[in-house]
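Read through the structure below, which is laid out as C-alpha cells, and then see the notes.
So that the names make sense, note that chain A is the first sequence line, chain B the second, and so on, each numbered from 1. The structure presented is a predicted model; accordingly, all values stated were derived computationally and were not measured.
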Amino acid sequence: MPELPEVEVVRRGLAEHVVGRTVTAVEVRHPRAVRRHLPGPLDFAARLDGRTVTAARRRGKYLWLELDRPADLVLAHLGMSGQLLVQPVDALDETHLRIRLRLDDGNELRFVDQRTFGGLSVEDRTDDGLPAPVAHIARDPFDPAYLVEEVVARIRRKDTGLKRALLDQTVVSGIGNIYADEALWRAQLHWARPTATLDRPAARRVLGAAAAVMAAALGEGGTSFDALYVNINGESGYFDRSLAVYGQEDRPCPRCGTAIRRESFMNRSSYSCPRCQPRPRRPHW
DNA sequence: CGACTCTCCTGGGTGC
DNA sequence: TGCACCCAGGAGAGTC
C-alpha cells in the first residue's frame with residue numbers, strides 16, 4: 001500500500017524520467033481509472049495529448065505533474081494498488097494496465113492498478129499551485145513548511161482516537177495504516193488513546209516517530225530504483241522495509257518480546273504490542 | 001461543523 | 001477441483 005515514502009519514490013522517478021518529456025499519445029484502457037476526471041476519458045486524453053511535463057510534485061499521498069499549459073495539472077492517486085511505471089513501448093502490457101501515455105523518447109508512462117482505487121485526472125491549478133482536490137490536504141512531515149506544533153495542537157483539540165487522527169489527511173498527510181501502527185509502537189501509545197488526553201510531549205513523540213519511520217522507509221525505497229525496468233514503482237522498497245508490528249501478529253515485539261496482537265478497527269487491522277502499548281483506561285473507539 | 005460509517009474494487013488465500 | 005467467503009484499505013460521499 002503506497003503511503004508517503006512510496007509515493008515520494010514514485011515522484012522522484014517521475015522527476016528523473018518523465019519531466020521534460022512530451023506526451024504523444026494517450027490511451028485509457030479502463031474508464032474507472034479516470035473516473036475523477038469528470039468530463040470523461042476523451043477529454044482526459046485531449047487535455048494531455050501534446051503537453052510537455054514540466055515538474056513532478058507531491059503532497060501526502062497525492063502526486064501530480066505540472067504541464068506546459070500551466071492552468072492544467074495531471075493528478076495521480078495510487079490508491080491501494082496503483083503503480084506508475086516507465087516502460088519501453090515494446091514491453092508487454094501489464095495485466096492491470098489502465099492508462100498508457102506514450103512519451104517522445106520511446107518510453108511509455110503506464111498507470112497499472114489491480115483494484116482501481118487509484119486513478120489519474122487533469123485538474124485545474126488553484127492560486128496556491130495545488131490541484132483543486134488537494135487543497136484540503138494538510139502538509140506532510142517531509143514538507144519544508146510542515147509545522148509540527150500546529151499538528152500537535154490540532155490533534156489535541158480533536159475528540160477522537162489517536163490512530164484515527166493520524167490517518168486524517170486534513171490533520172497531517174501521508175500517514176496510512178502501516179506507518180500509523182509503526183509510529184504508535186515507537187511512541188508506545190495505543191491506537192484508541194483519546195486525543196484529548198494526550199499531552200504535548202506524547203503528541204510530539206508520535207508525530208516524530210511517524211516522520212522518522214517514513215524517512216527510514218524512504219531511505220530504503222530509494223535504493224531499489226533502476227532506470228527502464230519497473231523503475232517508477234509504487235511498491236519500491238516496500239518488501240524490504242523492516243516493520244516492528246504491522247503484519248507481525250503473534251511474532252515477538254522487537255522491544256519486549258511480547259506477542260504482537262491484531263485488532264480490528266475502522267474495518268482494517270491494527271497491530272500493536274499489548275505490553276508496550278497498553279489499552280487506555282477509557283479508550284476512544 | 002465534527003465525528004463516524006459506508007462504499008468502491010480485485011485477486012490471493014482458505015475452508016469445505 | 002470448484003466455489004463461497006474473507007481480507008487488504010485510501011478517501012470521498014453520506015449520515016447523524
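Closest-nucleotide positions on DNA chain B for A/Asp159 and A/Arg268 were compared, and the one nearer the 5' end corresponds to A/Asp159. Residue order along DNA chain B, read from the 5' end via each residue's closest nucleotide, puts A/Thr160 first among A/Asn267 and A/Thr160. Between A/Ser269 and A/His77, it is A/Ser269 whose nearest contact on DNA chain C lies nearer the 5' terminus.
In 5' to 3' order, the nucleotides of DNA chain B bounding all contacts with chain A (an atom under 4.0 Å from a heavy atom) are B/dA3 to B/dG11.
Using a 4.0 Å cut-off between charged nitrogen and carboxylate oxygen, A/Arg58 and A/Asp140 count as a salt-bridge pair.
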For a side-chain contact (heavy atoms from CB on, under 4.5 Å) check, start with the C-alpha distance between A/Arg51 and A/Val74, then their side-chain angles and the critical distance, and finish with the verdict.
CA-CA 11 Å; A/Arg51 299 271 63 84; A/Val74 186; over 6 Å; no
Could you give me the CA-CA distance, side-chain angles and deciding distance for A/Glu94 and A/Gln87, then say whether side-chain hydrogen bond (donor to acceptor under 3.5 Å, both in side chains) is met?
CA-CA 10 Å; A/Glu94 292 76 7; A/Gln87 299 275 40; 2.8 Å; yes
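Atom P of nucleotide C/dA11 and atom CG of A/Leu166 are separated by 14 Å, given to the nearest angstrom. Separating the CD atom of A/Gln248 from the P atom of C/dA8 is a distance of 14 Å, rounded to the nearest angstrom. Rounded to an integer number of Å, the gap from CD1 of A/Ile178 to C1' of C/dC7 is 14 Å. Regarding A/Leu167, its CG atom lies at a distance of 9 Å from the P atom of C/dA11, rounded to whole Å. For A/Arg59 and C/dA11, the CZ to P distance is 14 Å, given to the nearest whole Å. One atom, CG of A/Asp140, and another, P of C/dG10, lie 15 Å apart when rounded to the nearest Å. Rounded to a whole Å, the NZ atom of A/Lys61 is 6 Å from the C1' atom of C/dG10. If you measure from atom CZ of A/Arg35 to atom P of C/dG10, you get 15 Å, rounded to the nearest angstrom.
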Are any protein N/O atoms closer than 3.5 Å to N/O atoms in nucleotides 12-16 of chain C? If there are, list each pair with its distance.
unit_1: C/dG12; atom_1: OP1; unit_2: A/Tyr62; atom_2: OH; d: 2.2
unit_1: C/dG12; atom_1: OP2; unit_2: A/His136; atom_2: NE2; d: 3.1

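Every pair passing ring pair (Phe, Tyr, Trp, His ring centres under 6.0 Å) that includes a residue from residues 67-105 of chain A is listed here, sequence neighbours excluded: A/Tyr62-A/His77. Applying the salt bridge (Lys or Arg N to Asp or Glu O under 4.0 Å) definition to pairs two or more places apart or across chains, those involving residues 166-183 of chain A are A/Lys158-A/Asp168, A/Lys163-A/Asp181.
In this structure, A/Arg164 reaches the bases: a heavy-atom distance under 4.0 Å links it to at least one base atom across the strands shown. Residue A/Asp113 is out of contact with every strand shown, counting any heavy-atom pair closer than 4.0 Å. Among the heavy atoms of the strands, none lies under 4.0 Å from A/His30.
With sequence neighbours excluded, the residues satisfying ring pair (Phe, Tyr, Trp, His ring centres under 6.0 Å) with A/Phe44 are A/His37.
Annotation: cation-pi geometry satisfied between A/Arg255 and A/Trp185 (NZ/CZ under 6.0 angstrom from ring centroid, within 45° of ring axis).
Using modelled atom types, no side-chain atom of A/Arg204 and backbone atom of A/Gly208 make a donor-acceptor pair closer than 3.5 Å.
Fit an axis to the five pairs at each end of the helix from B/dG2-C/dC16 to B/dC16-C/dG2 and the two axes sit 50° apart, to the nearest 10 degrees.
For the pair A/Leu120/A/Leu75, no side-chain contact is recorded, criterion being any heavy-atom separation below 4.5 Å from C-beta on.
When A/Gln188, A/Arg261, A/Gln277 are each tested for a side-chain hydrogen bond (donor to acceptor under 3.5 Å, both in side chains) with A/Ser272, only one passes: A/Arg261.
Judged by distance alone, the side chains of A/Arg193 and A/Thr197 do bring a donor and an acceptor atom under 3.5 Å apart.
Atoms CZ and CD, on A/Arg11 and A/Glu8 in that order, are 4.0 Å from each other to the nearest 0.5 Å.
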